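For ligands, and for the atoms within them, numbers begin at 1 and follow the listed sequence. Below, all heavy atoms of this structure are taken into account, side chains as well, without hydrogens, waters or symmetry copies. Just so you know, these numbers come straight off a predicted model, no measurement behind them.
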Amino acid sequence: MTAPSPSPDNPFDRDVLPSPPGATAALLRSLLAPMKARAVLTTTLLLLQQAAAQAGPLLVAYAIDRAVPAFREDRFGPLIAVGVGYLLCALLSGGLQVAFVRTSARVSQDVLLDLRGRIFRHAQALSIDFHERYTSGRLISRSTTDVESLRELLEDGLQELVTVVLSFLYISALLLWLDLGLGAVAVASFVPLYFLIRLYQRRAGRVFRARSTAIAAVIVKFVETMNGIRPVRAFRREAANDAAFAELNRAHERTNGDSLLEMARYVVGSRLVANTAVAGIVLWGAYRVASGSLELGVLAAAVLYLRRLYDPIDRLGMFLNSYQSAAASLEKIAGLLAQTPSVPEPDQPRELPPSTGAFPGRAVTFDGVRFAYRTGGEVLPRFDLTLPAGQTVAVVGATGAGKSTLAKLLARFYDPTDGRVLLDGVDLRDLSTAELRRGVVMVTQEAFLFSGTVADNIAIGRPDASREEIERAAKVIGAHEFISTLPDGYDTDVRKRGGRISAGQRQLVAFARALLADPAVLILDEATSSLDVPGERAVQRAMSTVLRGRTAVVIAHRLSTVEIADRVLVMADGRIVEDGRPAELIAGAGRFADLHQAWQDSLA
Ligand SMILES: Nc1ncnc2c1ncn2[C@@H]1O[C@H](COP(=O)(O)OP(=O)(O)OP(=O)(O)O)[C@@H](O)[C@H]1O
Ligand SMILES: [Mg+2]
C-alpha cells in the first residue's frame, strides 16, 4: 500500500488538472453573478459604516482646537456636540457593522453551497475512466480543504480587504484634507508598501500552491489506506504506511513553515515602512506645531489616523494569505469542473424502438469495435458480435482476456475507441442515460450496498417499486430467507450493527436490485462468485425465470453457470476464439472442451 507514484502519462496524478485558460476567472464570475444585488448592498453598508467609524479622530481634532478653547470661555455647546457626535458615530458604525456582517455572511454561504453542489454533481457525472485515474482522496480534498480555503477568503478575507481598502481611501482623503503636506507623506508611503505586497504575493503564491498540494497528498494517502484497511492488516503494512504517511505529513509541515516565514518577512517589512512614515510625520508635524504653522489638534488627529492607517497592514498580509490559498484552491476546483465526461449524454437522444410484446429482450451488436483503456494498450483489437434478442450467452476465458471490458462497453461505462455498440440497432451513444439504464443493467462481483435499509438497496433498481414488488424480487432470487432473519427484516440498516451482511448475501441483494430494474439486457460479471454452491444453485434455478425473454451476458469462471446458457463464447486476448452451443463445444476438441474437462475433473 505505498502511495501510487505519479506516472508521466497520467495528467490526473497532478492536483491541478489541465483546464482551458480563464477557467478559474469564469468559475468565480459564475459563482458571484447571482449575488450582484446583495454585493451592492453589502458594499453600501460598508461605505456608510466606514464613514461613521473614521469620524472619530476628526472630532478629536475639533475638540482640541475648537471645543476646548470655547469651554475655557464658558461655552459648553461645542464640547457637548463633540461628545454626542462621537457617541452617535460609534452607535451607527456598530449597527452598520452588524448589518454588513449578516448580509455578507449570507452571500458567502450561498456561494459555498453552490460550489459544493457543483463539485458533487460534476464529479458524479464524470465518466468511470476519470474516476479510475483521479483518486477519491483528491476529490475529497477538492470538496473539503479547497472549499474551506475559499470559505475563509469569503467570510474573513474579503471583508478584511474591502474594509482595509476603504479605510485607506477614507483616511488618505481625510489626511490630505486636514493637511496637504502630512497627507502627501502618508500617501507616498503606499509606494514601497505596494511593492512589498506584490513581492509577497508572488512568493507566497508559490508556497501556497505547494502547501495545498502537500495537504492533498496527505488526504489521498489517508483515504487510500483506510479504504484498503483489510489488505493493510493482512499484509502487516502498518509500519510501512506509518513511515510513508509521516513523510507526507512532514512535507506538509515544511510547506506550512515556508508560508509562515513568508508571512513573517512581510510583516517585518511592512512595519518598517509604516514606522518610518509615522516617525517622519510626527517629527515634521511637531516642528510645524512649534513653529505655529500647524494646529495641535490636527497633528493629534493625523497621528490617530496614521495608527488606523497602518494597523490593518498586518491583517492585509493575512488576507493575502487566504487570498493566495483560495486562488490556488479555486484553480484546482476549476480544473475539476472543466473536465468533460468522456462518455457524454447525446445532444439529441434517440428512443429505443418499442419492444415486441411480452418479450423484453433486445438485440445486441458489437460492430467493428476496438477498444483501449486510456492508460494501457488495446484490449479489444477488433470485435464483432451479434446477440439476438432473448439469448443467454456465457462468456468464458482466461483472466485478463477482456470479458469484463466487453461487459463494460455494453453497459456504456466506456465508449469504444472505434466502431459501435448497438442495442436494437441504436448506437448506445445516442441513447439518453435514463433509456440506457432501463435497457442495460450490470451486476458485478463487488455488490456495493449504499447506506440505508435492505429494502432501499433493492429499490435502487426501481425507486417507485412497492414493498410487495421488492419482496417478490428477493423471493425469486432466494434472498428472502436471509433477509427475514435480519434484526429488522427488510428495514434493517445495512451499515448498522446487526445489519452487516456477508459478501454472498450482498450479491443476492444486488441480484434482487437488478431483477427489480427489469432491464432488456442483463449482464452478470462474476455475479455469483461469492455464493456458496447451494446459493449459486439457487440463483441458477431462479435464473431460468429471471432471464426468460431477456438478453443476458453471463461471465463466470465456474462453469456450472454455463449450463443455463444458450450459447458459449470463449475469449482469448480480446477475441472470440470459440462460439457455439454448450453441448457442441463440449463435444468438440477446442478450448472449451478442455476447460470443461478440467472442471469436471476438479469436481470428481
Ligand atoms: N480500468 C482499466 N484500465 C486499464 N487497463 C485495464 C482496465 N481494466 C482492465 N484493463 C486491462 O484490460 C485487459 C482485460 O481486462 P478485463 O477486466 O476485461 O479481463 P477479464 O477477462 O474480465 O479478466 P478476469 O477474468 O480476471 O475478470 C487486462 O489486460 C487488464 O489489464
Ligand atoms: Mg473480469
Nearest heavy-atom approach of L409 to D415 is CD2-C, 4.0 Å

For F222, does the CZ atom sit with more than 12 other heavy atoms under 6.0 Å from it, leaving out its own atoms?
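No, because the 6.0 Å sphere around CZ of F222 holds 12 heavy atoms or fewer from other groups.
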
Counting no waters, what protein N/O/S atoms lie under 2.8 Å from the Mg ion (ligand 2)?
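Metal shell, protein only: S404 OG.
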
salt_bridge(D525, K408) N-O dist < 4.0 Å:
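Salt bridge: no.
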
Is R575 salt-bridged to D573, cutoff N-O under 4.0 Å?
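A salt bridge is absent here (no side-chain N lies under 4.0 Å from a carboxylate O).
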
Would you check, one step at a time, whether the test side-chain hydrogen bond (donor to acceptor under 3.5 Å, both in side chains) holds for E345 with T433?
CA-CA 7 Å; E345 276 246 3; T433 306; 2.4 Å; yes

Dump the pairs for me: ligand 1 N or O, protein N or O, distance under 3.5 Å, to 0.1 Å.
unit_1: ligand 1; atom_1: 1 (N); unit_2: E132; atom_2: OE1; d: 3.0
unit_1: ligand 1; atom_1: 1 (N); unit_2: E132; atom_2: OE2; d: 3.3
unit_1: ligand 1; atom_1: 8 (N); unit_2: Y373; atom_2: OH; d: 3.4
unit_1: ligand 1; atom_1: 18 (O); unit_2: S404; atom_2: N; d: 3.4
unit_1: ligand 1; atom_1: 18 (O); unit_2: T405; atom_2: N; d: 2.8
unit_1: ligand 1; atom_1: 18 (O); unit_2: T405; atom_2: OG1; d: 2.4
unit_1: ligand 1; atom_1: 19 (O); unit_2: G402; atom_2: N; d: 3.4
unit_1: ligand 1; atom_1: 21 (O); unit_2: A401; atom_2: N; d: 3.2
unit_1: ligand 1; atom_1: 21 (O); unit_2: G402; atom_2: N; d: 2.9
unit_1: ligand 1; atom_1: 21 (O); unit_2: K403; atom_2: N; d: 2.8
unit_1: ligand 1; atom_1: 21 (O); unit_2: K403; atom_2: NZ; d: 2.9
unit_1: ligand 1; atom_1: 22 (O); unit_2: S404; atom_2: N; d: 2.8
unit_1: ligand 1; atom_1: 22 (O); unit_2: S404; atom_2: OG; d: 2.7
unit_1: ligand 1; atom_1: 23 (O); unit_2: G400; atom_2: N; d: 2.8
unit_1: ligand 1; atom_1: 25 (O); unit_2: K403; atom_2: NZ; d: 2.8
unit_1: ligand 1; atom_1: 25 (O); unit_2: H557; atom_2: NE2; d: 3.0

Go through the structure and list residues passing ring pair (Phe, Tyr, Trp, His ring centres under 6.0 Å) with Y490, not counting sequence neighbours.
H480

Ring pair (Phe, Tyr, Trp, His ring centres under 6.0 Å) partners of F208, counting only residues at least two apart:
none

Could you walk me through whether S325 and S149 pass the side-chain hydrogen bond (donor to acceptor under 3.5 Å, both in side chains) test, one step at a time?
CA-CA 6 Å; S325 47; S149 74; 4.8 Å; no

Aromatic ring proximity Y414/Y373, centre distance under 6.0 Å:
yes

